[in-house]
Chemist: 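To start, I am sharing the structure in question, which I have written as structure tokens.
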There are 2 protein chains.
Amino acid sequence: MRPTIKDVAKAANVSIATVSLVLHNNERISSETKRRVLKRIKQLHYHPSRSARGLVLSKIGNIGFIITEEHFLRTESFYTRVFLGTEFEAREKDNYVLLATISSSFKKGDPLPRFILERNADGILIVGKVPEAFIESIKKYNMPILFIDYLPPNGDFPGVLIDNERGGMLATEYLINSGHQNIAFIGGEISHPSIMERLHGYKLALEKANIINGNGLVVTNDENLSRQNGYRSAEKLFIQNKNVTAIFASTNATAVGVIQYLKDNNLNIPNDISLIGFDDVEADIMIDPPLTTIRVPKVKMGTEAVQLLLNIIKTETTTAKKIIVPIELVVRESIKNIN
Amino acid sequence: MRPTIKDVAKAANVSIATVSLVLHNNERISSETKRRVLKRIKQLHYHPSRSARGLVLSKIGNIGFIITEEHFLRTESFYTRVFLGTEFEAREKDNYVLLATISSSFKKGDPLPRFILERNADGILIVGKVPEAFIESIKKYNMPILFIDYLPPNGDFPGVLIDNERGGMLATEYLINSGHQNIAFIGGEISHPSIMERLHGYKLALEKANIINGNGLVVTNDENLSRQNGYRSAEKLFIQNKNVTAIFASTNATAVGVIQYLKDNNLNIPNDISLIGFDDVEADIMIDPPLTTIRVPKVKMGTEAVQLLLNIIKTETTTAKKIIVPIELVVRESIKNIN
DNA sequence: AATTTTTAGTTAAACGTTTAACTGAACATA
DNA sequence: TATGTTCAGTTAAACGTTTAACTAAAAATT
């Protein structure tokens, strides 16, 4: 049988209350006693029972991580890394992360993640775009909620977000500074607000540099599969447009599709076409030459999110604080300077 | 405040014991009372507290899912899908899955997943190859353990496994039946037993067909990144060997690398080279032509694993039962019949 | 020396379940 | 009629914590 607080108390010759106080670092306990108790705790490999603790505190130490199944299974490990970040921070703070997927076509009345119904989570992380109907459905449980990489159009929630607009600008400006003018934007899942914001950043940068080019250079397309999306979009772009010299691919999965298209059509990167991506590419994907990109701190998004959420839970405040994680331009070899 | 069993009892005019018995479908309760209680449960949105339940049953309803960080972050969604399977089945059986990653260079003394230390899981799923040192470290906690897609070399544990050998045979035999003789095997992470077994199946099939070709056709290589691995291995293969007509790539990530190599070297699939993979390819990866492959039921592996593990937990037996999930040859267009 | 304050604990109730042991009424049996 | 038996529940203890309220001893104050 696993040891309980009683066993520790007996071994250390104190009451169970003392053990509990030691566990919580209460200053009422002398350092001598503390030492003795701690020694026994270690010796017996004692760990307090979560159930017992949860029962009295009515706080379980779990946080829910909700994502659409589609996003979770994406070949890009974007959200997987975010998840890992949440796991790291949760562990640090003595919490567990419970992952649940929902359908991206969730509609009212569909079953909710069990940890919501059973209130087996102290708070909830909603990751990536989720259906509005889902958000509506869980509102009434009023658990603390925090969004990651998405904010619903209405309602004011806290969130951990990427500075997509600045990223879009950064990417575009870098292309402009490298002498490009005919810069195309290829958008993946354009209905995701993040992509919209990147597009907005792109437009802003062009405007600022007084470059006016028709909308023909912006190709969007809402297929689910980002790579095919990138491929098809590139195809579409080049049919209409022969003089593009640079492409801003709004995600790296899109970029991979674009690369395939360029390869299939004997267009060399960066000599014929310069290309910049968004999100650092997984090392596993072979891209030749290495892709210049905007790096997003995925793991950090997870850790920040958990920190903020736990804070909201602890202080029982309602906040709509937004944390914007910094992005970074990573220059590699996919862009040609044509100045 | 969330409703408790007391609230239900009061509303239904019974004792809390009755409510509990209704919850457990005890036949001691008349159907009339049962109906009344159930009605109130629904009305009040009552869900029993996990903490309270866990406390009295000393069984928490969590199962741990342990995987190396490296495997979890793989671009192939193989293990992600297995995870999803476990999640589905766990949910069905009123359990939660707690995921923890460990380092693939885990050594004695490294910190263990918290749910092991705290015994916050009733049983553990170990997924993919993990360091021997890790297995040694957790043995002493003697929690029920089940392996997925891996079995440690020593110790007799239950597991849910792929019939890799049969898969290797199936793939190779299909190539043979299509008239190929110079069939190469390109192995990804060859130190993973699964890959070894596929290789063994390959050899068996060749033997059975009386095809003798030197070991020059087997290229293995233990780089971590499967795609680069595939690329490099293909390179190596073709330097030594000019007359290969078919390749069996031991994983699909490897196959993708091989495809890139072939494309870069103007070798057409299937006209110049036939190719077969292993694991069904993610729809997102653009492969032209569609790849013939051995399909592995990933989600099913997860559900089966949870079923078996929960069974072991419930019956408190020690078993070393192995579940071999069926595989399937999926014929698409990457193989040329040269008979 | 008597009183008050501080220190370093202890006692006991509470959290929400499960379930063995009990009970009282209705029914069956001799 | 007296006595079992079955039915349909109820009572109460137990699970392992936390923490407010209490206490006994030591230290400080008058």
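The sequence lines fix the lettering, A, B, ..., with proteins before strands; numbering per chain opens at 1.
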Chemist: What heavy-atom pair brings A:P48 and A:L23 nearest, and what distance separates the two atoms?
Modeler: CG-CD2, 4.2 Å
Chemist: Can you figure out which of C:dT10, D:dT10, D:dG16 approaches the side chain of A:S15 most closely?
Modeler: C:dT10
Chemist: What's the verdict on side-chain contact (heavy atoms from CB on, under 4.5 Å) for B:F147 and B:L161, showing C-alpha distance, side-chain angles and the deciding distance?
Modeler: CA-CA 8 Å; B:F147 284 84; B:L161 305 162; 5.7 Å; no
Chemist: Grab the CZ-P distance between B:R2 and C:dG16 for me, whole Å please.
Modeler: 9 Å
Chemist: Atom NZ of B:K6 to atom P of C:dT17: distance rounded to whole Å?
Modeler: 9 Å
Chemist: Using the ring of each side chain (for Trp, its six-membered ring), is B:F83 parallel, tilted or perpendicular to A:F83, with breaks at 30° and 60°?
Modeler: tilted
Chemist: Any chance CD of A:E316 has more than 12 other-residue heavy atoms, nucleotides or ligands included, within less than 6.0 Å?
Modeler: no
Chemist: OP1 or OP2 of C:dA8 sitting under 4.0 Å from any side-chain N/O of A:T33?
Modeler: no
Chemist: Side chains of B:T315 and B:T317: donor-acceptor distance under 3.5 Å anywhere?
Modeler: yes
Chemist: Please list residues of residues 113-123 of chain A whose heavy atoms come under 4.0 Å from any atom in DNA chain C, ordered by number; otherwise none.
Modeler: none
Chemist: Rounded to whole angstrom units, what separation is found between the CG atom of B:D7 and the P atom of C:dG16?
Modeler: 9 Å
Chemist: Once you round it to whole Å, what is the distance between P of C:dT17 and CG of B:L55?
Modeler: 12 Å
Chemist: Run the salt-bridge test on A:D163 and A:K322 with the 4.0 Å N-O cut-off and return the result as yes or no.
Modeler: no
Chemist: Enter the distance from A:I63:CD1 to A:T86:OG1 here, rounded to the nearest 0.5 Å.
Modeler: 6.0 Å
Chemist: Over 60° means perpendicular and under 30° means parallel, so classify the ring planes of B:F134 and B:F106, tilted if in between.
Modeler: perpendicular
Chemist: Produce the list of close N/O pairs, under 3.5 Å, pairing protein atoms with atoms of nucleotides 24-27 of chain D; give distances to one decimal.
Modeler:
none

Chemist: Does A:R114 qualify as a cation-pi partner of B:Y96, given the criterion of NZ or CZ under 6.0 Å from the six-membered ring centre and within 45 degrees of its axis?
Modeler: yes
Chemist: Rounded to the Å, how far apart are B:N13 CG and D:dA8 C1'?
Modeler: 15 Å
Chemist: What is the ring orientation for B:H71 with B:H192, classed by angle as parallel under 30°, tilted 30 to 60°, or perpendicular over 60°?
Modeler: tilted
Chemist: Rounded to the nearest Å, what distance is computed from the NE2 atom of residue B:H47 to the P atom of nucleotide C:dG16?
Modeler: 16 Å
Chemist: Check the interface with nucleotides 18-27 of chain C: list each N/O to N/O pair with the protein under 3.5 Å, or write none.
Modeler:
residue, atom, partner, partner atom, Å
C:dT18, OP1, B:H24, NE2, 3.2
C:dT18, OP1, B:R53, NE, 2.7
C:dT18, OP1, B:R53, NH2, 3.1
C:dT18, OP2, B:S20, OG, 2.5
C:dA21, N6, B:R28, NH2, 3.3

Chemist: Quick one: B:I60 CD1 to C:dT17 P, roughly how many Å, whole number?
Modeler: 17 Å
Chemist: B:I41 has an atom CD1; how far is it from atom P of C:dG16, in whole Å?
Modeler: 16 Å
Chemist: Is the count of non-hydrogen atoms from other residues, nucleotides or ligands lying under 6.0 Å from B:K314 atom NZ greater than 12?
Modeler: no
